[in-house]
Amino acid sequence: MGYYLMKLLSWLACRFSMKHCNRLGAFLGRWSWAVVPNKRKKMAVDNIIRCLAVDEPEARRIARASWVQFGPMLMEVLRYPELIKDGYIREYVTIEGLEYLQEAIEKKQGGIIATSHSDSWELMGAALAQYGVPLVGVARKQKDGAMDRFINEYRSLVGMHITYTSGVREMFRMIQEGWMIGLITDQDPSLRDGIILDFFNRKTNCFTGPATLARFQNAPIFHGQIMHRPDGGHHIKIYPPIYVEKTDDKKADIEQATQKVMDLLESHIRKYPEDWFWLHDRWKSVRSIGLD
């Protein structure tokens with residue numbers, strides 16, 4: 001039932017313009033802010049103050065804006081059938097640095113695109129695929145089977161190949177075949193799977209997946225972010241490739257490359273603080289061992 005409800009909502013969203021849907025999405029985001037638990041809001045505000053050195057009113061504004069953008073992002077996903085018609089998505093989403101990916105594609109060289117939960121990250125994957133990037137979206141299996149079916153069907157609709165986080169062998173194979181593996185790198189991993197690095201001058205447990213994959217496959221990492229445009233559309237920036245050294249010290253190689261990715265992410269968040277999802281408990285694991 002849930003799957004067919006989402007399909008109905010998508011059909012309805014496609015009957016209206018993107019401008020009107022974004023307005024509705026922003027309204028839903030503002031309305032839903034009221035039901036976010038106060039404990040989660042306080043955690044986000046405290047982290048913003050610590051990371052950005054702003055006062056509490058500004059931190060509250062940033063935290064709220066970070067949440068509200070979920071509404072328009074949902075509307076964009078619902079409108080995927082319309083966004084891919086007649087190349088409209090190329091007007092709605094512009095890309096800077098696409099040539100870095102195209103150069104690797106021409107060489108039939110796979111790679112990793114490392115991004116974050118910033119702005120409309122779902123739309124970023126759709127746009128890259130529509131621009132001709134052979135993209136593998138790495139998804140977490142949703143607890144709700146109907147939502148899992150819907151979102152992965154729509155990701156495939158826009159040209160992405162979807163694999164779950166458990167499909168590591170498939171990722172290795174597809175990199176060798178020239179695919180780009182899209183990984184979201186900003187969440188708090190388990191202490192067993194992460195590495196403690198510097199992020200906003202704080203000890204932070206960081207996801208090593210991109211560097212590990214890249215080192216094993218001799219593949220480049222492309223840091224990429226999506227951000228809002230003043231006209232209501234979006235802009236993607238792809239950074240020059242990061243290559244992981246392959247010395248006798250595997251841990252140091254992975255640590256060095258991962259720190260480069262985290263430095264780029266931090267710089268982006270400082271420029272666009274409202275775009276990043278601050279309501280994720282990013283420092284939970286290091287707090288559990290007394291490092292935060």
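Here the structure is a predicted model, which means the values were calculated and not measured.
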- Dump the intermediate steps for ring-ring contact (aromatic ring centres under 6.0 Å, His included) on F172 and F216, then the final yes or no. CA-CA 9 Å; F172 285 160; F216 189 84; 4.8 Å; yes
- Heavy-atom closest contact (R79 atom, A13 atom, distance): NE-O, 3.2 Å
- Task: Indicate if L264 and F199 have the same hydrophobic cluster label, given that clusters are the connected sets of ILVMFWY residues with side-chain heavy-atom separations under 4.5 angstrom.
- Result: no
- Task: Answer yes or no: is there a side-chain heavy-atom contact under 4.5 Å between L135 and H161?
- Result: no
- Query: Under 4.5 Å between side-chain heavy atoms, hopping through other hydrophobics if needed: is there a path connecting F27 to V36?
  - Reply: no
- Look at atom CZ of R202 and say whether more than 12 heavy atoms of other residues, nucleotides or ligands are closer to it than 6.0 Å. yes
- Query: Does one side chain, of E76 or Y92, offer a donor that lies under 3.5 Å from an acceptor on the other?
  - Reply: yes
- Query: Got M174 and M171 here, is their nearest side-chain heavy-atom distance under 4.5 Å?
  - Reply: no
- Correct closest heavy-atom pair for M75 and L24 would be CE-CD2, 3.6 Å
- Query: Any side-chain donor paired with an acceptor under 3.5 Å for Y80 and S10?
  - Reply: no
- Item | Shortest non-hydrogen contact from Y3 toward A146 | N-CB, 3.3 Å
- Heavy-atom donor-acceptor pair, R90 side chain to Q130 backbone, under 3.5 Å: yes
- Inspect the surroundings of CD in E103 and state if more than 12 heavy atoms from other residues, nucleotides or ligands are less than 6.0 Å away. no
- Task: Would you give the length of the straight line joining atom OG1 of T165 to atom CD1 of I184, rounded to the nearest 0.5 angstrom?
- Result: 11.5 Å
- Message: Pairing donors with acceptors under 3.5 angstrom, does anything connect the side chains of N47 and R50?
- Response: no
- Query: More than 12 heavy atoms of other residues, nucleotides or ligands under 6.0 Å from NZ of K41: is that the case?
  - Reply: yes
- Message: Under a 3.5 Å threshold, yes or no: a donor from one side chain and an acceptor from the other, between T204 and W283?
- Response: yes
- Is it true that a side-chain atom of D148 and a backbone atom of D144 form a donor plus acceptor pair closer than 3.5 Å? no
- Task: Give the cluster check for L28 versus L78: same hydrophobic cluster or not, with ILVMFWY residues linked at side-chain heavy-atom distances below 4.5 Å.
- Result: yes
- Query: Sub-3.5 Å donor-acceptor pair from the side chain of T258 to the main-chain atoms of E255, do we have one?
  - Reply: no
- Query: Does a side-chain heavy-atom distance below 4.5 Å link H234 with H228?
  - Reply: yes
- Query: Which pair of heavy atoms, one from I48 and one from A63, lies closest together, and at what distance?
  - Reply: CD1-N, 3.6 Å
- Message: What I'd like to find out is whether the side chain of S156 reaches to under 4.5 Å of the side chain of I162, using heavy atoms alone.
- Response: yes
- Check: P57 main-chain N/O paired with R61 side-chain donor or acceptor under 3.5 Å: no
- Which residues satisfy the side chain to side chain donor-acceptor pair (under 3.5 Å) test with T115, sequence neighbours excluded? none
- Just checking, is any N or O donor in the side chain of S120 or Q69 under 3.5 Å from an acceptor N or O on the other one? no
- Message: Heavy-atom count check: over 12 atoms from other residues, nucleotides or ligands less than 6.0 Å from D86 CG?
- Response: no
- Task: Could you tell me whether a side-chain N or O of H280 sits under 3.5 Å from a main-chain N or O of D188, the two making a donor and an acceptor?
- Result: yes
- Query: Which word best sums up how the rings of W121 and F70 line up, parallel for under 30°, tilted for 30 to 60°, or perpendicular for over 60°?
  - Reply: perpendicular
- Item | Test item: R287 side-chain N/O and D292 main-chain N/O as donor-acceptor pair under 3.5 Å | no
- Task: Walk me through it: do D281 and M43 pass the test side chain to side chain contact (heavy atoms under 4.5 Å, CB included)?
- Result: CA-CA 7 Å; D281 194 355; M43 178 271 297; 4.1 Å; yes
- Item | Worked check of side chain to side chain contact (heavy atoms under 4.5 Å, CB included) between D193 and F207 | CA-CA 7 Å; D193 297 331; F207 179 55; 5.9 Å; no
- Non-hydrogen atoms of A214 and V244 that approach each other most closely: CB-CG2, 3.8 Å
- Message: If only side-chain N and O atoms count, and only distance matters, is there a donor-acceptor pair under 3.5 Å linking T163 with E170?
- Response: yes
- Task: Give a yes-or-no answer on whether the side chains of D186 and W276 include a donor-acceptor pair shorter than 3.5 Å.
- Result: yes
- Query: Can you tell me if S118 and D275 form a side-chain donor-acceptor pair at under 3.5 Å?
  - Reply: no
- Item | Point-to-point distance, once rounded to the nearest 0.5 Å, from CD1 of I112 to OG1 of T185 | 11.5 Å
- Task: Look at the side chain of S267 and the backbone N and O of D263, then say whether any donor-acceptor pair between them is shorter than 3.5 Å.
- Result: no
- Item | Sub-4.5 Å side-chain heavy-atom contact between F277 and W67 | yes
- Task: Taking the side chain as every heavy atom from C-beta outward, state whether L128 and V93 have any pair of such atoms under 4.5 Å apart.
- Result: no
- Is it possible for you to say whether V261 and I238 belong to one hydrophobic cluster, with membership spreading through side-chain heavy-atom contacts below 4.5 Å? no
- Message: Please say yes or no: joined through hydrophobic side-chain contacts below 4.5 Å, possibly via intermediate residues, are I113 and I269 part of one cluster?
- Response: no
- Query: Is the shortest heavy-atom distance from the side chain of N205 to the side chain of I195 under 4.5 Å?
  - Reply: no
- Query: Can you check whether V77 reaches L123 side chain to side chain, under 4.5 Å on heavy atoms?
  - Reply: no
- Between H268 and E266: side-chain donor-acceptor atoms closer than 3.5 Å: no
